[in-house]
Amino acid sequence: MGVSKADEVDDGDNIVSSHKEGLEAPVKTAVDKFQLLPSFLKVRGLVKQHIDSFNYFINCEIKKIIHAQGNEKVTSDVDANFYLKYLDIFVGEPCVEQDYIYEPITPQQCRLRDMTYSAPISVDVEYTRGKEVVVRKGKDGKQEGSINIGRMPIMLRSSRCILAGKNEAQLAKVGECPLDPGGYFVVKGTEKVILIQEQLSKNRIIITTDSSGSVAASVTSSTHERKSKTNMVVKHERIYLRHNTFGDDIPIVVVMRAMGMESDQEIVQMVGRDPKYAGILNPSLQECAALKIYTSHQALEYLGSKVRSRNMFTKQKRTKVDEARDILATVVLAHVPVHQFDFRAKCIYLAVIIRKMLEAMLNREAVDDMDYVGNKRLELAGQLLSLLFEDLFKRMNAELKKSMDATLSKANRSTQFDIIKLIRPDTLTNGLEHAISSGNWAVKRFKMDRKGVTQVVSRLSFIAALGHMTRISSQFEKTRKVSGPRALQPSQWGMLCPCDTPEGEACGLVKNLSLMTHVTTDEEEAPLIELCTTLGVEDLSLLSGEELHSPKTYLVFFNGTILGVHRRPNRFAEVLRKLRRAGKIGEFVSVHVNPKHRNIQIASDGGRVCRPLVIADKGVSRVKEHHMKELKDGFRTFDDFLREGLVEYLDVNEENNSLIALYEGDATPDTTHIEIEPFTILGVCAGLIPYPHHNQSPRNTYQCAMGKQAMGNIAYNQLQRMDTLLYLLVYPQRPLLSTKSIELVGYDKLGAGQNATVAVMSYSGYDIEDAIVMNKSSLDRGFGRCIVIKKSVVPMKKYANRTADRIMAPELQSSAKGGVQVVARQQLQDHDGIAAVGEMIRPGDIYVNKQSPIDTRNNVNNPMALPDSAYKRTPQTYKGAAGETAVVDKVLLTSNDENHFVVKCLIRQTRRPEVGDKFSSRHGQKGVCGTIVQQEDFPFSERGICPDLIMNPHGFPSRMTVGKMIELLGGKAGLHNGKFHYGSAFGEPSGHADKVSTISATLVKHGFSYSGKDFIYSGITGSPLQAYIFMGPIYYQKLKHMVLDKMHARARGPRVVLTRQPTEGRSREGGLRLGEMERDCLIAYGASMMILERLMISSDQFQIQVCTKCGMIGYYHHKLKICLCSTCKSGDNIATMKLPYACKLLFQELQSMNIVPRLTLAEA
Amino acid sequence: MADASSGEHEPELPPHLELQRTRVVCAPDAPSYTESVQYSGAYMAYGVDNSLRIEDFCKNLRVEIISMNEEDIEFDIVGIDAAIANAFRRILIAEVPTMAIEKVYIANNTSVIQDEVLAHRLGLLPIKADPRLFDYKSEEENANEKNTIVFKIDVVCTRKGERVLNSSVTSDQMKWLPEGSEMPFNTMTKFTSFGSSQKNLPGLPAEGISCQYPDIIVAKLRPGQAIELEGHAIKGSGNIHAKWSPVATARYRMLPEVNLMEDIQGKLAEELVQKCPTGVFDIEDVGTVKKAIVARPRNCTLCRECVRGTDWDKRVQLTRVKDHFIFTIESTGALRPEVLFTEAIKILNEKCHRIITELS
């Protein structure tokens, strides 16, 4: 191996030298590495991070959890001999129990039947029954024999999912779309994603400055058992430790002393003997002396006095000293292991923190950047689930123990005690299911209570669903007005999409992964640590403080803990990297040498973002032409590239140790890596934009948000699904101007838009403010036509008294002609009383003729023989806008796993575009349809081409969407060339985007102007227009916002019962409010009668009787036909007046609070 | 006009005004003089009468057919104003009637394609039936043999061994029902009331009525799926819905004219020939010098390549003749393109008559 390595290096040298010699020689064409991308995505998939994380949890993490201390054994407080020990855990295949038979289940069934796609969790156990020890074990992964402890929702396309490894035809068989990425759960019929959560790194020292500008350090320790945050702050030039177990800030030297560093010299040595450090440390040392703390015991006593006394329930009372020592060992900096109160490792760790702080005090540049992506970790579904699972598992064991103790404490039991019967699978099943379906992640141990962790997968469009899987939400508060966390970080390069973030309050906090990003999972630490020691890391325990900071050595950190020091850091890092490239250690282990801090960071923890890069030796790419050929021919996969050390994953930290060339041609001898493809910097949503690098950046961001609202195809199984709301385009197209990402993602197969011929010109004045003018004939022929499908569910309830809802056949009545006919509103029903598929449905029509029992409480002897009179009609009527005809698209009769019968109806509407519907190109240029014009009035070109829509040129200057113009040119050239042109981001040098010059040449070849501007005749006058018109195809998306769903007006209508004012909102057919500001206008204008009319007469005018004597409200006695005042008990002084009902209500409410409002009336 | 007496020399416009009057100048940046000069006294100052006289119009009007087949026609009309040419174009697109399916009665549709979409697709099928044989059908009128053509589609997709039969429904599976609707098998109502069979309709071709193209895919089926429906075609015009438009498109362009402002010789001439993608220019050998000539001006698509680059706009001038229109009609098939044009003339004629009667 050593020899071959040397050879490699030599080779590299030769190439470089030959390079230098023949500068004039023709440059070797750069290898087209694009093919790596599809094969990367083939191996990894678009949402591999979720699936990997879940797989890791299901296969490894879950086993670690049950073997963890405190989880593995359940013992009894009553019977010391009794125990239950978990031997193994196994998550099975997704299945459903039906009539006591387990049947495999598909995700599509779960969606349709409102079930959870979950698999049983079974455990192998060993426990005592009576005097014998029983072992219950499943046979090679099979459930039989083992114990079922609950059900685990299964992520789609994970290793346990039935879809794993299936090909397109097999997927079609189980009703699944092959382009669907998976990575989400199906819980109670709804698809749920667990969003990626962004957090600050655990177990790392982070130096910050606080609000006053003084240096502070914080470490968030996280182990399986405990999470704690330790802060170190500087106050009055002294360093203090701040921890929530202590009531006060503790001088740091006291802590050190408590941990056994009794001499000041040792402390100073440990921190660093350099006088500049010692000088700053001096006040802290003096403070300790002032407190008269010289020994470890004194220090612990001091600490003990500061401990915030918490749980009073601890049984054995310990001394304060013991308590303090225990806290220091297990709570403060919990991730640094302390064995038998040997605090040395922790002391060194603390010293290193202090040293870092001192450095930061001397040099402000040493302060860490909180927003640096290398300091972030992404928490994925697997990690979140494992937290939850462990909590639930602990709870289940606690419950088990409780019920076991209760049973065992009974003196004489009739049957032999068998603990298996006490295991309740519901805790886990319901806990997991509920957490995923509600998104409330409550983990008691860590006092974690997060809301909104999961979201319903957005199925508005294919891209929306895909984009949802790559979304990262940040823990930052959205309301805070800080710019730091929201800003684009340079270290995001290639990892997180620079375009795809929402506008508004979540801007910059919600991010999206780039195309090639991978998120790591945890990796076994012990072998790596061992390897490091073999590679020459000198162990911590062998070093004195002096040696620790000697200028010759680098500190070696492993996942945040200090391993020791190394004398040849670069060599060490190089060897580790070589081992990684050779596949001897995990491909995601990162090694980062930091000369500034003089340390080496080795990381194998989960949640780091990383991406693949081509390795270069002295600037020469390791991937050669023949490799790519082999890949193309199918002899090679992406994993082969990884295994052979041609390509490797780099995380953000290690990127800082490398020099990455964008293109092979840019490589210098110092270059260590070469990018695979520059456009992978963008994510899936931004990948749809052609020529995004020619656009003004916010436009790309707008498009990322709008692409998710575009109608089109959702999935291949879109008509088999029963979505609550489905928007489909009747004739979706694939964009004429494509990008490589589009093809990788599958947008060319599930497009969401149409190629419209656009003329950029002014027309009719109905095109101001981004409005577009549309060609009526295009609409006649199907442009922008869409289908809207709405679901309505009719649950058939079962009641406690064993009665149930029922569906009756449509009612009949005798018709005028004689004979019988179905009553109105029910004519669309079939004989079974459910709407027939294909029938037109109008508002008010009854689509399910349901009846419910009147009495649902009292027990009924024979629920089946209930008379008709015992039922009341509870029909399901269709509520839609009047005048709109819809069609019953599909009816599904099914039952869920609890045997509840459900009727689901899909009601479909086909809509053609109308004035006010919203359209958008792929460049953040949205606009509504301003007017629809007859084709003969539309301008036409010499070739007879008539545009589908006209866009106003004013949309261009301020938006600077040059990409849109190039899209038009490229599309036009593509039409005449008969091929799709490409516009991948930054693709011109690598040939993934056609250059404008070549496009122009194509246009000229086909007799068009190079500029794309045509000679156009006016359709109205017939003479040519006085300008050449920029015309060609642009991919247009129809957005889900349509006037039909929004238009609203009312003259009269429903009122609110309480105030008798008109209702609010379109859904309640509400009035249009004349608000405060409008009222102000009317006041200013002096239109008093208008105000009276708007605010009272047309709203909630009410007539009351007022007693002029007492000023109270009286009433009209209908029998006696006189007005009375109930206070004065007379009807003499009653006046009738009109006031708003809300005013009368106010008076009565005041009266109820013992406040008497009196009306003083004047003669009018 | 007094001085325009016979024998004396007719006054002429100066060349630049004559150019403005009769040509559209297509400069590299923008076309100019696009509007035609209507006012009769526009050039009074030069003593030129700009009025249009019917005798002149009759004398100058010229129609020349360039090419013609079943579907397309290309012909030149010389001597009319853009407005007139445009009127023909507009009438062709929007007002010449055809037959198209307007109502679809679906008895069964188990295919993936939605009923509305299927109906929409059927509507867009071009029907080979002479619309002149039929009447317009008003909303309240009953469907009869004079105003409705009935088609039916009854297709079941089946699996026969490995093969799938009827996996796509094409337009030739649409069967003409000359006797009217067969639909009401279980209802008492009839959708049509035909007095006689349409087969006997005078002027109908022997092969009957069908879709113009037999291979248009209407829907796709999988085994077990079926479509059974009836489509009722009525007469209509393109301004109501594009399906009634008898043309794929009708268009015109003004006759291109390419002027060489100076002699272009040698290298420049070769460059010019190279520049033009449509082969407007040729090289003529005049002795030893190669000279560029304008060989095929009709080919000019106005890509303006020849006037691109420094000084080229001074050497070449692209213009369009304002009263010469190259008219192209692409028929959808119901009527032959030349018939369509005469129909358009008839409609325009009718409109003129209507205006005249209304004015008088």
Side-chain angles (χ1 to χ4, degrees), chain A residues 718-720 728 730-731 775-782 785 787 789 817 837-840 885-887 889 908-912 934-938 940-946 1000-1001 1003-1011 1013-1028, chain B residues 24 26 28-36 81-87 89-95 106 108-109 112 114-117 120-121 123-124 238-243 245 248-254 256 275-278 299-305 308 320 322 325-326 328 330:
Chain A
Q718 57 187 15
L719 297 176
Q720 260 65 57
L728 301 175
V730 174
Y731 297 110
N775 183 335
K776 179 170 162 288
S777 292
S778 303
L779 307 187
D780 286 345
R781 292 180 177 118
R785 207 165 273 236
I787 293 175
I789 299 176
K817 288 184 210 159
V837 170
E839 285 290 337
M840 289 224 241
T885 55
V887 177
D889 186 70
R908 151 168 52 97
Q909 263 185 350
T910 305
R911 299 176 181 175
R912 63 180 272 161
Q934 293 281 347
Q935 188 193 337
E936 61 266 26
D937 288 337
F938 248 57
F940 61 99
S941 82
E942 292 226 300
R943 299 172 192 229
I945 300 167
C946 196
S1000 286
L1003 284 176
V1004 168
K1005 204 176 101 197
H1006 292 95
F1008 286 97
S1009 167
Y1010 75 97
S1011 60
K1013 298 208 267 186
D1014 291 345
F1015 186 65
I1016 299 284
Y1017 294 87
S1018 162
I1020 301 170
T1021 68
S1023 45
L1025 298 180
Q1026 291 187 336
Y1028 297 116
Chain B
V24 177
C26 305
D29 55 343
S32 41
Y33 321 124
T34 57
E35 300 295 320
S36 50
D81 192 70
I84 308 288
N86 194 35
R89 187 191 67 88
R90 293 168 61 91
I91 290 169
L92 277 168
I93 290 172
E95 283 173 78
I106 296 172
N108 190 18
N109 172 20
V112 283
Q114 293 86 359
D115 295 352
E116 309 92 272
V117 180
H120 174 236
R121 291 179 71 85
L124 290 172
N239 46 17
I240 308 298
H241 193 283
K243 67 184 173 187
S245 184
T249 190
R251 65 179 191 268
Y252 58 78
R253 58 189 187 117
M254 290 171 172
K275 270 186 161 196
C276 184
T278 51
N299 278 4
C300 179
T301 56
L302 216 49
C303 65
R304 313 189 290 287
E305 273 300 293
R308 193 174 157 200
R320 294 285 153 129
K322 271 186 200 170
F325 296 94
I326 303 168
T328 312
E330 296 170 19

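Chain identifiers are assigned alphabetically (A, B, ...) following the order of the sequence lines, protein sequences preceding nucleic acid strands; residue numbering begins at 1 within each chain.
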task = Anything under 30° is parallel, anything over 60° is perpendicular, the rest tilted; go ahead and classify B:Y252 against A:Y1017.
result =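 Geometry flag for A:Y1017 against B:Y252: perpendicular rings.
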To the nearest 0.5 Å, tell me how far [X] [atom1] sits from [Y] [atom2].
X       : Y       : atom1 : atom2 : value
A:Q909  : B:Q114  : CD    : CD    : 13.0 Å
B:T249  : A:Q935  : OG1   : CD    : 6.0 Å
A:M840  : B:D115  : CE    : CG    : 9.5 Å
A:S1023 : B:K322  : OG    : NZ    : 8.5 Å
B:D81   : A:T1021 : CG    : OG1   : 9.5 Å
B:S245  : A:E936  : OG    : CD    : 8.5 Å

message = Let's test your reading of the structure: which of A:R943, A:K1005, A:K1013, A:H1006 forms the most heavy-atom pairs below 4.5 Å with chain B?
response =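 Option with the greatest count: A:R943.
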task = Just give me the residue among A:L1025, A:D1014, A:D937 that pairs up with chain B most often, heavy atom to heavy atom, under 4.5 Å.
result =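 Heavy-atom pairs under 4.5 Å are most numerous for A:D937.
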inquiry  = Restricting to salt bridge (Lys or Arg N to Asp or Glu O under 4.0 Å), what partner residues turn up for B:R308, sequence neighbours left out?
reply    = B:E305
query = So, B:R320 and A:E942, do they make that salt bridge, N to O below 4.0 Å?
reply =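 A salt bridge is present here (some side-chain N lies under 4.0 Å from a carboxylate O).
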Counting only non-hydrogen atoms closer than 4.5 Å, does [X] touch chain A with its backbone (N, CA, C, O), its side chain (CB onward), both, or neither?
X      : answer
B:P28  : backbone
B:E330 : neither
B:D29  : backbone
B:H120 : side chain
B:S32  : neither
B:R304 : side chain
B:C276 : neither

Contact winner vs chain A - [options], heavy-atom pairs under 4.5 Å:
options                : answer
B:R253, B:K275, B:H241 : B:H241
B:I240, B:T328, B:L92  : B:I240
B:A30, B:A87, B:G238   : B:A30
B:A82, B:P277, B:P31   : B:P31

task = Of all the heavy-atom pairs spanning A:P1024 and B:M254, show the shortest one and how long it is.
result =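 Shortest heavy-atom contact: CD-CE, 3.5 Å.
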request  = Specify the closest pair of heavy atoms between B:N86 and A:I1020, including all atoms of both residues, with the distance to one decimal.
outcome  =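 Heavy-atom minimum between the residues: ND2-O, 3.0 Å.
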Sort [X] into side chain, backbone, both or neither according to what part of it lies under 4.5 angstrom from a heavy atom of chain B.
X       : answer
A:V887  : side chain
A:S1018 : backbone
A:F940  : side chain

ask   = Taking side chain as C-beta onward, heavy atoms only, is A:Y731 less than 4.5 Å from B:V117?
value = yes
ask   = Is the backbone of B:E116 close enough, under 3.5 Å, to the side chain of A:T910 for a donor and an acceptor to pair up by distance?
value = no
